[in-house]
Number of protein chains: 2
Amino acid sequence: MADVGNLLKKKSLRKTVTRSKILELMVDESIAMSEREIGEKLDGSFDRVTIYRTLHTFLNNGLVHKVLDGNGGTKYALCQHDCEENGKHHHDHVHFSCQVCKQTHCIEQVQLPSMNLPDGFQVKEVNVLFEGICPNCK
Amino acid sequence: MADVGNLLKKKSLRKTVTRSKILELMVDESIAMSEREIGEKLDGSFDRVTIYRTLHTFLNNGLVHKVLDGNGGTKYALCQHDCEENGKHHHDHVHFSCQVCKQTHCIEQVQLPSMNLPDGFQVKEVNVLFEGICPNCK
DNA sequence: GTTTATGCAAATTCTTTGCAATACT
DNA sequence: AGTATTGCAAAGAATTTGCATAAAC
């Protein structure tokens, strides 16, 4: 089981019940989750505002990243170890959003091909979102 | 200037003032816009509900497509002519969202490379969103 | 003992729904 | 005339803010 306390300590974040539970959940689940999903999986034990604030804190400290869910909603997923490589925090993400079950999976296996933008565009992040039907819903 | 009336007729949609104005705006602007931006550019002359419903109508009839804007918001952009090729409506889009001016540009020049997902994932659409700084904001 | 996080209430914004009035063909 | 669209009011959902209380270091 993941050492959630250590993760928090590394970021100089206070270890609280809320943060630990949310972080544990995100380590356990391999899917990206919205605030609502997180709240439901934690059985309504935390205030929605607290979850929002916790997610923002995690976001600002590079513990999680935003995931596009294809429906205008916002989801969050744990950052992987390599987010911090090369000294800068970066996210070249590939996600798959199922149109049936609405779950968003992080696809780690896919290597993002390089794409060249027209001159003048300075790229900081790349998000790739596939939408379709996941193996479970077929 | 674009023959907006013809676009509507091709889809068997009634030609109304709201639809024509919104469609003209989207033809003129090359960027993807949210309901709010559309409303503002049209100077508040239309009810927000009407704009939402118009966008849904356009979406259902393949005149526009949704664009991810990187902040959980939803934007819309005109479909290009080739959306309908091969008999099915598809959107393999590349967009660039500027973190400074928040504008979302459609990048037509970039050819989407093929990416292979793990077995079992049935892909219907692919969205690629670059985030960074656009030429105007540099 | 300070500083930071939490919970509650309430405000904002985004989006949808119902219904009567209006515009389109 | 008949059907689809619009505007208004209002509901619902997502997200943010202020402030007093409680927890962490």
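Remember, it's a predicted structure, so these values are computed and weren't measured experimentally. In what follows, every chain begins at residue 1, and chains take the letters A, B, ... in the order their sequences are listed.
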> Of the nucleotides D:dA4, D:dT15, C:dT6, which one has an atom closest to the side chain of A:Arg53?
Replying inline: C:dT6
>> Starting the side chain at C-beta, find the nucleotide from D:dG7, D:dC25, C:dT6 nearest to B:Asp47.
In response: D:dG7
> Same cluster or not: are A:Tyr76 and A:Val27 linked, directly or through other Ile, Leu, Val, Met, Phe, Trp or Tyr residues, by side-chain heavy atoms under 4.5 angstrom apart?
Replying inline: yes
> So, is A:Tyr52 close to the D:dT15 phosphate, meaning a side-chain N or O under 4.0 Å from OP1 or OP2?
Replying inline: yes
> For A:His56 and D:dA14, what is the distance between atoms NE2 and C1' respectively, to the nearest whole Å?
Replying inline: 11 Å
>> Rounded to whole Å, please give me the gap between CZ in B:Arg48 and P in C:dT16.
In response: 11 Å
> For the side chain of A:Arg14, counting heavy atoms from C-beta on, which of D:dA24, D:dA4, C:dC8 is nearest?
Replying inline: D:dA24
> Rounded to the nearest 0.5 Å, how far apart are CG of A:Asn136 and CZ of B:Phe121?
Replying inline: 8.0 Å
> Between D:dT16 atom P and A:Asn60 atom CG, what is the distance in whole Å?
Replying inline: 11 Å
> Can you tell which of C:dT17, C:dA5, C:dG7 lies closest to the side chain of A:Phe46?
Replying inline: C:dG7
>> As a test of reading the structure: which of C:dC14, C:dG7, D:dA14 is closest to the side chain of B:Arg36, going by heavy atoms?
In response: C:dC14
>> Please determine whether side-chain contact (heavy atoms from CB on, under 4.5 Å) holds for the pair A:Lys124 and B:Phe130, giving the CA-CA distance in whole Å, both sets of side-chain angles, and the decisive distance to 0.1 Å.
In response: CA-CA 7 Å; A:Lys124 305 269 190 180; B:Phe130 293 95; over 6 Å; no
> The side chain of A:Thr16 lies closest to which of these nucleotides: D:dT15, C:dC24, C:dA5?
Replying inline: C:dA5
> Hey, which of these two, B:Gly73 or B:Val17, hits DNA chain C nearer its 5' end, going by closest nucleotide?
Replying inline: B:Gly73
